[in-house]
Amino acid sequence: MPADSAPAHAATRLADYRPYPWRIAQVELTFRLAPKTTRVLSRIRFEPNPAAGAQAGGDLVLDGERLAIRSLAIDGVGLDPARVPVTPAGLTVPQALLPAAGFLWEAEVEIDPEGNTALEGLYMSGGIYCTQCEAEGFRKITYYPDRPDVMAPFKVRIESDKPVLLSNGNPVASGPGWAEWVDPWPKPAYLFALVAGDLKAHPGAFTTASGRAVALNIWVRPADIDRCAYAMEALIRSMDWDERVYGREYDLDVFNIVAVDDFNMGAMENKGLNIFNSKWVLASPETATDMDFERIEGIIAHEYFHNWTGNRITCRDWFQLCLKEGLTVFRDQQFTADMRSAPVKRIDDVLTLRARQFREDMGPLAHPVRPDSYIEINNFYTATVYEKGAEVIGMLKRLVGDDGYRRALDLYFERHDGDAATIEDWLQVFEDATGRDMSQFKRWYTDAGTPRLSVEEVYDAGTYTLTFTQNTKPTPGQDRKPPRVIPIAVGLLNPNGDEVLPTRVLEMTETTQSFRFDGLSARPVPSILRGFSAPVVLDRQVSEGERAFLLAHDTDPFNRWEAGRALAREVLVRMVADGAAPSAGLLAGLEAVATDATLDPQFRALCLRLPGEEDLAQALHDAGRTPDPDAIRAAREALAVALAERLSPRLGTMIADLAVTGDFRPDAEQGGKRALRMGLLALLSRLDHGAEAARIHAAARTMTESLGSLSCLLEAGRGAVELQHFHDRWAGNRQVIDKWFLIQPMHAAPGAAVAVAERLAKHADFDWKNPNRFRSLIGGLTANHAGFHAANGAGYRFLADWLIRLDALNPQTAARMSTAFETWTRYDADRRGQASEALARIAAAPGLSRDTAEMVGRIRAAGSD
Ligand code: B3K
Ligand code: ZN
């Protein structure tokens with residue numbers, strides 16, 4: 001790490017975990033809301049914590065940030081603030097001042113929700129008071145042991161002139177200007193929530209399997225009330241699914257969801273009161289794409305599923321974050337697979353995993369699924385914790401089987417309900433429920449890095465032998481990588497495409513290991529890592545002919561797609577590296593899939609989607625080449641044109657035939673047709689320069705087609721008039737205007753992308769303090785690979801300028817967006833120099849937050865290897 005970027009902030013370590021000396025019997029909070037001067041009164045009953053052993057009843061260390069103390073008392077006796085050392089991080093009451101058997105802590109503090117631009121703690125979004133406490137936001141509300149292993153029942157009173165006043169749990173009393181809520185389920189402070197605003201409810205109802213009637217409400221601003229129906233249906237489907245598949249019922253009389261416009265991430269699972277980024281709630285056919293509908297359904301489910309995996313059973317400390325996030329992502333993936341198409345969902349998830357998690361695992365930000373140290377925990381809500389965390393659970397399920405998994409989960413809920421648990425607890429239930437030793441499997445949680453799996457095959461006299469070797473490169477702070485358990489799902493096909501061996505899961509535990517298949521009459525074609533049975537990179541030299549065979553015949557839909565994908569990637573790498581021509585075999589294979597009407601249109605659309613430029617940059621880097629963003633773009637474009645030409649006799653008719661008539665439904669069937677239609681339109685636009693896209697845009701009745709065709713126009717270098725109309729038509733609709741900001745830099749010609757972003761940054765609608773708007777514009781640019789990595793460094797400078805500016809207000813979102821720099825060492829010396837300067841400038845920004853300092857420090861460290 002360069003000397004000038006040494007972290008100025010201390011690390012927290014897993015090894016240092018100690019139980020809190022006190023436990024809390026009851027929390028009572030009163031909020032007197034005012035935009036700049038909110039009063040928070042707390043009454044908290046502390047008792048010595050027997051689990052803390054000799055430390056029970058020690059000094060009372062309370063977290064607290066940006067709180068103005070008005071009064072403090074213990075057992076009703078005022079505490080002179082001068083006797084309690086207060087720092088910017090909290091306060092400590094010495095043990096000598098505390099009654100040993102327990103006491104009532106009372107505090108009155110003042111906070112400033114309107115001045116809270118970090119959007120953590122209690123803040124205001126468009127006139128609505130709302131909260132975000134995970135991971136450590138509650139300490140910005142009042143003094144408290146802000147750690148997940150301190151759990152307590154909460155009683156909350158809200159006093160405000162806002163008409164709707166909400167908190168966790170059940171409503172118990174209300175009157176003009178006040179409301180009281182009681183949450184009987186002990187919870188950590190990070191699940192606390194409060195909302196007060198001028199809101200309208202879209203109501204719903206659900207009766208649980210054991211007969212509890214639950215009132216459901218989605219609260220939004222009155223103008224948004226007609227865009228809530230889909231989210232409500234998704235919630236009801238989620239509640240029903242969790243009962244059927246996991247036997248989990250809801251446990252309060254009400255379940256509230258609130259949509260707010262200013263939110264640092266997607267949504268938050270606060271007990272009984274989920275708070276959502278409005279982007280993931282509001283939807284109508286005209287304003288939301290099919291992808292939006294699918295994501296809304298998935299996020300609603302995810303937050304709801306947290307009620308058991310996260311809330312009823314929470315994490316002992318933040319190192320265990322994957323305990324709730326990996327499992328809940330896995331559950332929402334299963335749900336979406338059930339609601340829509342399982343193969344398509346699997347392909348989508350693997351695409352995301354590779355694009356985000358593999359990239360993270362192979363770069364300077366690599367960390368284990370369960371990290372063992374952090375500076376700012378908000379920086380660890382990563383693809384590794386979430387998506388790889390979910391893959392690890394998928395592997396567990398594959399290894400112990402569906403029944404074993406169900407038994408282990410039943411035991412988990414039974415044994416740990418009400419606990420703040422660990423990964424050790426989680427693995428123990430698998431050991432106890434299935435009798436399997438999980439010690440080697442645990443490496444998936446503790447060791448960073450993506451294993452690479454190489455394969456050798458031998459066929460001799462009816463016996464076919466596969467020999468696998470696994471290898472994981474060192475990652476920051478971890479040099480040694482012992483072998484992991486890898487479930488490898490394999491099927492064998494015979495040369496005419498019939499399956500000679502249906503899928504079987506091989507369990508690899510050694511560095512090198514062979515598996516034999518006897519009694520075969522001919523050399524089989526193997527289909528390896530079916531369903532992407534483990535998050536590894538399969539390095540297997542396969543002929544173009546064999547890939548094409550699998551693309552045409554594999555009986556595993558994932559591997560069928562994978563064969564085409566791998567072939568396209570190899571062809572593109574050769575085109576970039578050696579100037580090769582587009583491969584006829586690939587084009588024929590893609591044509592066969594694209595025109596096969598027996599296949600799901602969504603699957604066909606996925607097969608036609610060529611690997612992205614970022615993916616190719618990584619592939620070239622893996623092959624020991626320095627990726628040239630312009631050459632990558634040119635090769636990908638050339639292949640797309642070749643594919644378009646190959647399909648051209650049928651493109652027009654296929655596009656016309658795929659038009660959906662009749663009522664709009666946001667389901668997999670219609671969505672698949674629209675996806676394929678837009679994929680084909682993107683190809684056709686390469687030949688007709690957007691003529692058909694302009695016609696489709698003019699007639700579009702759905703956001704999927706409106707936005708898809710507009711993107712085609714931008715790619716074709718036109719669309720100015722359409723962009724203007726689109727803006728005028730949707731002015732005032734925040735979600736749609738976000739899309740308008742996103743697609744322009746994303747689909748701009750690489751040489752113009754930064755200029756487009758600069759122009760948009762001056763647009764009156766560019767409200768950069770709103771995270772969605774910021775992410776749309778800046779994320780649109782960074783998604784334009786050749787545009788962001790412009791040789792003159794303009795993309796890097798633009799990003800650095802904006803990160804520095806945003807960091808001063810909202811560290812969390814700034815730190816997250818800094819990951820656009822995570823691959824900077826891949827590129828040529830000029831680009832590396834430009835990126836290095838931009839990063840140094842961020843690191844040197846006065847008052848840089850701990851969040852961004854940690855990220856930029858880790859990213860810069862890659863340059864000193
Ligand atoms: N648990 C929240 C994420 C909180 C992020 C804090 N920086 C949403 C989710 O994963 O469901
Ligand atoms: Zn989650």
Side-chain angles (χ1 to χ4, degrees), residues 12 116 118-121 123 130-140 146-148 168 187-193 231 234-235 238 242 257-260 262-277 279-281 295-315 317-336 352 356-357 369 371 374-390 393 420 771 775 810-819 849-852 854-855:
T12 303
N116 180 352
L119 315 185
E120 196 188 45
Y123 66 95
C130 62
T131 53
Q132 172 54 36
C133 292
E134 188 178 1
E136 299 181 331
F138 193 73
R139 60 188 62 188
K140 294 180 170 179
D146 191 6
R147 42 187 282 170
N168 314 90
K187 67 167 174 294
Y190 83 85
L191 291 173
F192 167 80
L235 173 61
S238 309
D242 212 16
I257 289 177
V258 180
V260 298
D262 301 278
F263 209 64
N264 279 333
M265 64 272 173
M268 177 64 210
E269 70 265 24
N270 317 297
K271 182 78 187 190
L273 177 54
N274 287 188
I275 299 183
F276 269 64
N277 187 325
K279 177 180 168 70
W280 300 124
V281 173
R295 287 293 301 281
I296 288 171
E297 181 179 55
I299 296 176
I300 292 269
H302 178 100
E303 305 310 332
Y304 174 73
F305 295 160
H306 267 314
N307 190 53
W308 274 93
T309 51
N311 301 3
R312 289 285 286 259
I313 305 179
T314 192
C315 303
D317 53 66
W318 292 119
F319 297 102
Q320 322 294 330
L321 184 57
C322 64
L323 181 74
K324 73 177 177 81
E325 294 305 346
L327 177 54
T328 306
V329 171
F330 181 70
R331 278 153 48 72
D332 84 54
Q333 291 174 345
Q334 289 181 297
F335 169 77
T336 299
T352 313
R356 298 184 46 226
Q357 201 280 323
V369 171
Y374 59 76
I375 290 175
E376 169 52 60
I377 184 58
N378 281 321
N379 288 335
F380 284 81
Y381 286 74
T382 59
T384 297
V385 169
Y386 276 66
E387 273 80 31
K388 188 175 178 182
I393 292 173
R775 278 188 289 254
N810 184 338
Q812 222 180 98
T813 293
R816 176 151 290 248
M817 303 284 300
S818 71
T819 53
S849 69
R850 176 171 64 182
D851 308 57
T852 303
E854 179 184 24
M855 294 299 278

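In each ligand, atom 1 is the first atom listed, and ligand 1 is the first ligand listed.
Between F335 and F305, the ring planes lie perpendicular to each other; the angle is over 60°, past the 30° to 60° tilted range. In this structure, Y386 and Y381 have tilted ring planes: the angle between them lies in the 30° to 60° band.
When only modelled atom types and interatomic distance are considered, N379 and E854 share a side-chain donor-acceptor pair under 3.5 Å. Using modelled atom types, one finds a donor on one side chain and an acceptor on the other under 3.5 Å when comparing K271 with N307.
The side chain to side chain contact (heavy atoms under 4.5 Å, CB included) test applied to A234 returns R237, E297, I300, not counting sequence neighbours. Shown here are the salt bridge (charged side-chain N to carboxylate O under 4.0 Å, His left out) partners of D146, two or more places apart in sequence or in another chain: R139. The side chain to side chain donor-acceptor pair (under 3.5 Å) test applied to R147 returns D149, not counting sequence neighbours.
Here the Zn ion (ligand 2) is the vertex; the NE2 atom in H306 and the NE2 atom in H302 give an angle of 100° (to 10°).
When heavy-atom distances to ligand 1 are checked against 4.0 Å, the residues falling inside are E134, M265, A267, M268, E269, H302, E303, H306, K324, E325, N378, Y381, Y386, Q812, ordered by chain and number.
Counting just the N/O/S atoms of E325, the one with the shortest distance to the Zn ion (ligand 2) is named OE1.
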